[in-house]
Amino acid sequence: MATSRLPPATLTLKQFMRRQQVLLLYRRILQAIRQVPNDSDRKYLKAWAREEFKRNKSATEEDSIRMMITQGNMQLKELEKTLALARS
């Protein structure tokens, strides 16, 4: 019997797509945080974002991951609105 060349922890297509969504969200949040003018606020938000993503790193249930992505997108929009108001 031939053995598979894939590593044992290979992601399914659905898992791969969710992972890409999470990584994109993380990058977008960090990009938004870079626009925060106050250095201490920026450091706090960066640490907060990093901790939130680390805390949920082991999540495997599809519905909870989808819910966390939705919540993250809402928080990102709120941060972007706040930054836009601060600039005006």
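What you see is a predicted model, and the numbers here were worked out from it, not measured in a lab. Heavy atoms only: backbone and side chains are in, while hydrogens, waters and symmetry mates are out.
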Do [X] and [Y] have side-chain heavy atoms sitting under 4.5 Å apart?
X: Arg42; Y: Gln35; value: no
X: Lys14; Y: Met17; value: no
X: Gln20; Y: Leu24; value: no
X: Leu45; Y: Leu79; value: yes
X: Gln75; Y: Trp48; value: yes

Query raised in the report: Which pair of non-hydrogen atoms, one from Ile65 and one from Ala59, has the smallest distance, and what is that distance?
Result: CD1-O, 3.6 Å
**Report entry** Taking every non-hydrogen atom, the tightest pair across Leu83 and Pro37
**Finding:**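 Looks like CD2-CD, 4.4 Å.
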Query raised in the report: Between Leu30, Thr70, Asn73, which is the residue that forms a side chain to side chain contact (heavy atoms under 4.5 Å, CB included) with Leu25?
Result: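 So, applying the side chain to side chain contact (heavy atoms under 4.5 Å, CB included) to Leu25 and each of Leu30, Thr70, Asn73, only Asn73 qualifies.
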Once you round to the nearest 0.5 Å, how far does [atom1] of [X] lie from [atom2] of [Y]?
X: Arg50; Y: Ile33; atom1: CZ; atom2: CD1; result: 9.5 Å
X: Asn56; Y: Met67; atom1: CG; atom2: CE; result: 8.5 Å
X: Thr12; Y: Arg19; atom1: OG1; atom2: CZ; result: 12.5 Å
X: Arg34; Y: Lys46; atom1: CZ; atom2: NZ; result: 7.5 Å
X: Ile69; Y: Arg66; atom1: CD1; atom2: CZ; result: 9.0 Å
X: Leu76; Y: Lys81; atom1: CG; atom2: NZ; result: 11.0 Å

Query raised in the report: When clusters are formed by joining ILVMFWY residues with side-chain heavy atoms under 4.5 Å apart, either directly or through shared neighbours, do Phe53 and Leu23 land in the same one?
Result: no
Query raised in the report: Without hydrogens or angle criteria, can the side chains of Arg18 and Gln21 be said to hold a donor-acceptor pair below 3.5 Å?
Result: yes
Query - Salt-bridge criterion met for Glu52 and Arg55 (N-O under 4.0 Å) - result: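 Yes, charged N to carboxylate O under 4.0 Å.
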